[in-house]
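Order of the sequence lines fixes the chain letters, A, B, ..., with proteins taken first and strands second; residue numbering starts at 1 for each chain. What you are looking at is a predicted structure, and each value in this text was computed from that prediction instead of being measured.
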Number of protein chains: 2
Amino acid sequence: MNSTSALAELPQLERRTLSETVYEALADLLASGRLAPGDRLSLRQSAAALGVSVMPVREAVSRLAADGVLEVAPNRVIRVPVMSAAAFRALAETRIAVEGIAVARAAERRTAEELATIRRAEAAFRAEAEATKPDRTRAVQLNRDLHFAIYGACGLGPLQEIIARLWLKAGPVINLDLRVHPERLLQGFALRRHAEALAAIEDRDAAAAAAAIAADIREAAEFIMDRGGLRDTQEED
Amino acid sequence: MNSTSALAELPQLERRTLSETVYEALADLLASGRLAPGDRLSLRQSAAALGVSVMPVREAVSRLAADGVLEVAPNRVIRVPVMSAAAFRALAETRIAVEGIAVARAAERRTAEELATIRRAEAAFRAEAEATKPDRTRAVQLNRDLHFAIYGACGLGPLQEIIARLWLKAGPVINLDLRVHPERLLQGFALRRHAEALAAIEDRDAAAAAAAIAADIREAAEFIMDRGGLRDTQEED
DNA sequence: GCTAGTGATCTGTGATCACAGTTTGGGTGA
DNA sequence: TCACCCAAACTGTGATCACAGATCACTAGC
């Protein structure tokens with residue numbers, strides 16, 4: 001060992017377990033709405049589809065189930081929870097409260113670089129949403145990127161993790177709705193709220209930023225609830 | 001089937017898996033501070049101690065690890081995370097923000113019954129704390145009961161789950177400190193803040209209730225940080 | 001023609017085995 | 001006496017097997 005100082009600079013390469021990979025694959029399926037509320041999941045089938053044994057899938061599913069993103073019925077059936085309108089409303093209100101805190105803090109504490117990142121993310125989403133033929137999947141991803149660019153400036157790691165879990169939980173409902181009613185994208189509600197949030201963050205106006213994000217969340221939730229996008233009872237697919 | 005109406009009254013008995021039982025056992029160990037930051041955990045030893053195979057322990061540990069309550073080092077060593085002072089501060093600030101929301105909502109929405117429950121919980125904690133020879137373990141449990149009696153009145157299920165996870169994460173640090181410095185209980189900080197919170201909830205004064213809980217959390221956190229209760233680096237036990 | 005029952009096949013859960021990587025402790029070398 | 005090294009025992013991870021319970025298609029009986 002002749003150059004210990006050089007070795008110290010080596011980045012600690014993270015150990016990726018199969019379980020983690022499977023978790024991310026499932027989480028992506030849920031966040032993008034390809035797994036819809038009520039859809040069932042089989043350990044063996046998922047394992048076969050992913051080319052692994054059931055073990056990693058078990059661990060990933062149990063983590064998702066612990067977060068309420070999946071649920072195992074007393075029949076031992078794994079499925080994406082079917083949220084009642086009341087549950088969805090409670091989730092939306094929780095998001096408004098928690099994400100409101102994050103945005104408010106972000107507005108107060110954002111650095112110039114963080115502001116630049118947020119601005120870029122806003123522009124990227126705007127470009128996609130205003131495109132003549134917007135790609136919904138991409139728009140969803142860019143919307144997520146924008147929100148988390150904002151939350152990333154709040155300076156509170158635990159809060160960001162909480163929000164990530166809330167998004168995972170709300171993801172299937174929101175993205176399923178977006179697949180069925182893509183016109184919501186075109187109405188530009190989100191665009192307006194994002195612009196308001198960006199302006200407020202530029203001005204370091206915490207209250208206005210929180211209000212903009214709250215309106216963004218509330219309008220999307222109300223749109224979905226008005227459309228009856230929530231099934232009160234499970235349907236067969 | 002001659003009495004279908006009677007069958008309909010049967011309570012849906014929940015299925016308890018071994019993993020769940022193990023999870024609760026480990027969570028209790030962590031929440032009560034019997035597992036301290038830095039302590040290591042072995043799957044096989046835990047399984048042997050609980051009289052089960054490693055499988056249920058694996059699932060329980062993976063859930064705990066997903067919540068950041070346990071961590072698996074790149075060496076594949078499972079241990080209770082050693083929080084830096086900065087991480088602990090961030091956790092405390094997150095708790096102040098999130099639990100502040102819950103208390104504020106509880107103050108506005110609490111029913112008479114919920115208020116009675118909170119009042120009883122406050123009296124129980126006070127009785128234990130003012131006892132001539134208070135039982136620390138019991139006091140910790142009663143403190144937890146009081147806080148969650150309040151949060152239970154906020155009307156937002158997802159928010160309560162978030163707070164439960166935050167408590168699980170902070171539990172080892174706080175309760176370890178309480179074991180080392182039991183005198184904090186006697187100084188009555190918590191008692192005063194609890195009384196303030198109770199009074200504010202009675203008056204439906206959301207801001208005052210949030211301030212009281214914020215002070216409760218902040219004072220406990222500052223006490224711990226002043227005492228140097230946080231190890232920046234791991235120690236062997 | 002319709003319902004009740006029955007067996008094959010699926011489900012998740014738990015136990016056990018196999019494996020690669022890590023830690024550790026005892027011994028051997030200088 | 002100290003440093004090094006090697007082997008045994010441990011670690012979590014993944015695969016496989018066994019099992020009880022649930023589901024579903026099908027058939028026997030009315």
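Computed from C1' positions of five pairs at each end, the angle between the two local axes of the helix from C/dG1-D/dC30 to C/dA30-D/dT1 equals 10°, rounded to 10 degrees.
Counting only residues at least two apart or in different chains, salt bridge (charged side-chain N to carboxylate O under 4.0 Å, His left out) contacts with residues 45-61 of chain B comprise A/Arg58-B/Glu59, A/Glu59-B/Arg58. A salt bridge (charged side-chain N to carboxylate O under 4.0 Å, His left out) check over residues 143-162 of chain B, counting only residues at least two apart or in different chains, returns the pairs A/Lys169-B/Glu161. The salt bridge (charged side-chain N to carboxylate O under 4.0 Å, His left out) analysis of residues 25-38 of chain B, with sequence neighbours excluded, yields the pairs B/Asp28-B/Arg34.
Partners of B/Leu18 by side chain to side chain contact (heavy atoms under 4.5 Å, CB included), not counting sequence neighbours, listed by chain and number: B/Val52, B/Pro56. Take A/Arg110 and apply the side-chain hydrogen bond (donor to acceptor under 3.5 Å, both in side chains) test, not counting sequence neighbours, and it matches no residue. With sequence neighbours left out, the side chain to side chain contact (heavy atoms under 4.5 Å, CB included) criterion links B/Ala31 to B/Leu168.
Going from atom CD of A/Gln45 over to atom C1' of C/dC10 covers 9 Å, rounded to whole Å.
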Please report, to 0.1 Å, the donor-acceptor pairs under 3.5 Å made by any side chain of residues 66-78 of chain A, with sequence neighbours excluded.
from, atom 1, to, atom 2, distance (Å)
A/Asp67, OD1, B/Arg165, NH1, 3.2
A/Glu71, OE2, A/Arg79, NE, 3.0

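Under a 4.0 Å N-O distance rule, the pair B/Glu93/A/Arg105 qualifies as a salt bridge.
OP1 or OP2 of D/dT23 sits under 4.0 Å from a side-chain N or O of A/Asn75.
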Practice task
Going 5' to 3' through nucleotides 13-18 of chain C, assign each nucleotide B (protein heavy atom under 4.0 Å from a base atom), S (under 4.0 Å only from sugar-phosphate atoms) or - (no protein heavy atom that close).
Solution key: BBBB-B
